Amino acid sequence: MFCPKCGSSVSDDTKVCPNCDYIFNEDDIIDVECTEETIKEESIYKKTDYMNSENGNNVTLSNAVKVLLVAVVVLLNGLGAIIGIVSGIYFMSKPYPDYNSFGRILLSLSILMLVISFICCCISGVFGMFSYI
């Protein structure tokens, strides 16, 4: 039989995969007629769709771009938060895990900064109103 996690061939009485330490359950029994070609077509290998097919490297976002966008969100107050929200939604729409996770972080940070800006404006407006009394 084959390991459902890594696809390596193991004997039928194996309890733990020697390749990836996967612990077999009764539900994990895979038909003996299953071949390695069949396993390659399964979802194990579909998880690497984000791989760049030209050179085999992961598609990642540059750290310089990440730092620049976070700095814009933090330093440019309201406008930076709007830029961060738009950029976060854009990155979340990409199929690459690195883009997607950074997009979620950037969107969260941008919303937080927008809320903080709004609260500061409200507080300064309230105290400014009392300064004329």
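Keep in mind that what you see is a predicted model, and the values were worked out from it rather than measured.
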**Prompt:** If every non-hydrogen atom of S124 is compared with every non-hydrogen atom of C121, which pair is closest and at what distance?
**Reply:**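 Distance-wise, the nearest heavy atoms are OG-O, 3.0 Å.
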Atom [atom1] of [X] and atom [atom2] of [Y]: how far apart are they, to the nearest 0.5 Å?
X	Y	atom1	atom2	answer
S117	N77	OG	CG	3.5 Å
M92	L107	CE	CG	6.0 Å
I89	S93	CD1	OG	9.0 Å
I119	L114	CD1	CG	10.5 Å
N63	F102	CG	CZ	9.5 Å
S101	I105	OG	CD1	5.5 Å

Do [X] and [Y] sit in one hydrophobic cluster, given that two such residues count as connected whenever their side-chain heavy atoms are within less than 4.5 Å of each other, even indirectly?
X	Y	result
Y90	L68	no
L61	L109	yes
V70	M113	yes
F118	V74	no

**Asked** Heavy atoms, side chains only, cut-off 4.5 Å: are L69 and L106 in contact?
**Response**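 The answer is yes; the side chains approach within 4.5 Å.
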**Within-4.5 Å side-chain heavy-atom neighbours: K66 and T60** =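 Not touching, per the 4.5 Å side-chain cut-off.
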**Prompt:** Between V86, L79, I85, which is the residue that forms a side chain to side chain contact (heavy atoms under 4.5 Å, CB included) with I83?
**Reply:**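 It is L79, the one option of V86, L79, I85 that forms the side chain to side chain contact (heavy atoms under 4.5 Å, CB included) with I83.
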**Request:** Using the test ring pair (Phe, Tyr, Trp, His ring centres under 6.0 Å), find all partners of Y99 that sit at least two apart in sequence or belong to another chain.
**Result:**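 Y99 satisfies ring pair (Phe, Tyr, Trp, His ring centres under 6.0 Å) with F91, Y96 once adjacent residues are dropped.
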